[in-house]
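One structure is given below, encoded as structure tokens.
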Amino acid sequence: MSMDADPVIAMSNTMAELKIRHAKATDSTILTDISLRAKKYWNYPDEYMERWKDELTITPEYIENNTVFVGELEDKIVGFYSLIEIHHALEIRSILIEKGTWLDHMFILPRYMGKGIGTKFTTHMKAYLSEKRVDKVLIFVDPYAKGFYEKVGAKFRRESDSSIPGRKIPVYEIKIGI
């Protein structure tokens, strides 16, 4: 490949080099930047982004209290995913959050989207949850990500209100082979 090659295209040949590790509290600023940039990629209105600001902010405490993994290429964090455990079903502003394990976030820097990182994250997540004897993971799915989640085996469960009034989002489930 020539030196002039697009690094995003060239990178697709190096996906096997993706390293997945537990996040450190010191990664919080980078992870927040990734979540905001990935969400903004879909051209959501500024008022949505403002409403989601707290949801998309990854604090050191969030990392310490939940299961968060980062993906690195050449020692650069290019994406992350996080899992949370809900011990009792709860309802927040008409949004039902069922008891169970939830994929809370999966974000990839826009220039690395479509290169297999999300699929590698999903494979990693399934192996991790299988070791923990978890049989399924639930996901509030961004409408732009439905195709991805269906491709990795997620099944639609129900519609849910979202944090944006009047907007609905799907809830999906991925079965974990334990």
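Side-chain atoms are counted along with the backbone in the values below, which use heavy atoms only and exclude waters and symmetry mates.
- Residues Phe140 and Asp104 have side chains not in contact (no heavy-atom distance under 4.5 Å, counting atoms from C-beta outward).
- When every heavy atom of Phe80 is checked against every heavy atom of Leu31, the shortest pair comes out as CE2-O, 3.3 Å.
- Under the 4.5 Å side-chain criterion, counting only non-hydrogen atoms from C-beta, Tyr44 is in contact with Trp52.
- Counting all heavy atoms, side chain and backbone alike, Ile174 lies closest to Ala154 at CG1-CB, 3.5 Å.
- Summarising the geometry, atom CG belonging to Leu109 is positioned 8.0 Å from atom CD1 belonging to Ile117; distances are rounded to the nearest 0.5 Å.
- Taking the six-membered ring for Trp, His22 and Phe69 have ring centres closer than 6.0 Å.
- Atoms CE and CD1, from Met125 and Ile20 in turn, are 11.0 Å apart once rounded to the nearest 0.5 Å.
- The side chain to side chain contact (heavy atoms under 4.5 Å, CB included) test applied to Ile86 returns Ile84, Leu90, Ile97, Trp102, not counting sequence neighbours.
- Leu96 and Phe156 are members of different hydrophobic clusters when ILVMFWY side chains are connected at heavy-atom separations under 4.5 Å.
- The list of salt bridge (charged side-chain N to carboxylate O under 4.0 Å, His left out) pairs with a residue in residues 48-59, not counting sequence neighbours, is empty.
- Of the options Tyr144, Tyr48, Phe107, a ring pair (Phe, Tyr, Trp, His ring centres under 6.0 Å) to Trp42 is made by Tyr144 and by none of the others.
- Remark: side-chain polar atoms of Ser160 are not paired, donor with acceptor, to backbone N or O of Ile169 under 3.5 angstrom.
- Take Ser82 and apply the side-chain hydrogen bond (donor to acceptor under 3.5 Å, both in side chains) test, not counting sequence neighbours, and it matches Tyr62.
- Distance check: Lys24 NZ to Ile30 CD1 gives 9.0 Å after rounding to the nearest 0.5 Å.
- Residues Tyr172 and Lys146 have side chains in contact (heavy-atom distance under 4.5 Å, counting atoms from C-beta outward).
- The side-chain heavy atoms of Leu83 and Leu129, taken from C-beta on, include a pair separated by under 4.5 Å.
- Lys40 places a side-chain heavy atom less than 4.5 Å from the side chain of Asp46.
- Counting heavy atoms of neighbouring residues, nucleotides and ligands inside a 6.0 Å radius, atom OH of Tyr41 does not exceed 12 of them.
- The nearest pair of heavy atoms linking Gly79 to Ile34 is N-CD1, 3.9 Å.
- Legend: salt bridge (charged side-chain N to carboxylate O under 4.0 Å, His left out) pairs involving residues 152-172, not counting sequence neighbours, sorted by first then second residue: Glu98-Arg157, Glu98-Arg158, Arg157-Glu173, Asp161-Lys168.
- Every residue two or more places apart in sequence or in another chain was checked for a salt bridge (charged side-chain N to carboxylate O under 4.0 Å, His left out) with Lys126, and none qualifies.
- At a threshold of 4.5 Å between non-hydrogen side-chain atoms, the residues Val68 and His105 do not count as touching.
- Between Val78 and Leu18, some side-chain heavy-atom pair lies under the 4.5 Å cut-off.
- Among residue pairs with one or both ends in residues 63-73, those qualifying as salt bridge (charged side-chain N to carboxylate O under 4.0 Å, His left out) are Arg21-Glu72; sequence neighbours excluded.
- The heavy-atom pair separating Ala23 from Val70 by the smallest distance is CB-CG1, 3.8 Å.
- Between Phe148 and Met113, every side-chain heavy-atom pair lies at or beyond the 4.5 Å cut-off.
- Expressed to the nearest 0.5 Å, how far OH of Tyr112 lies from NZ of Lys76 amounts to 4.0 Å.
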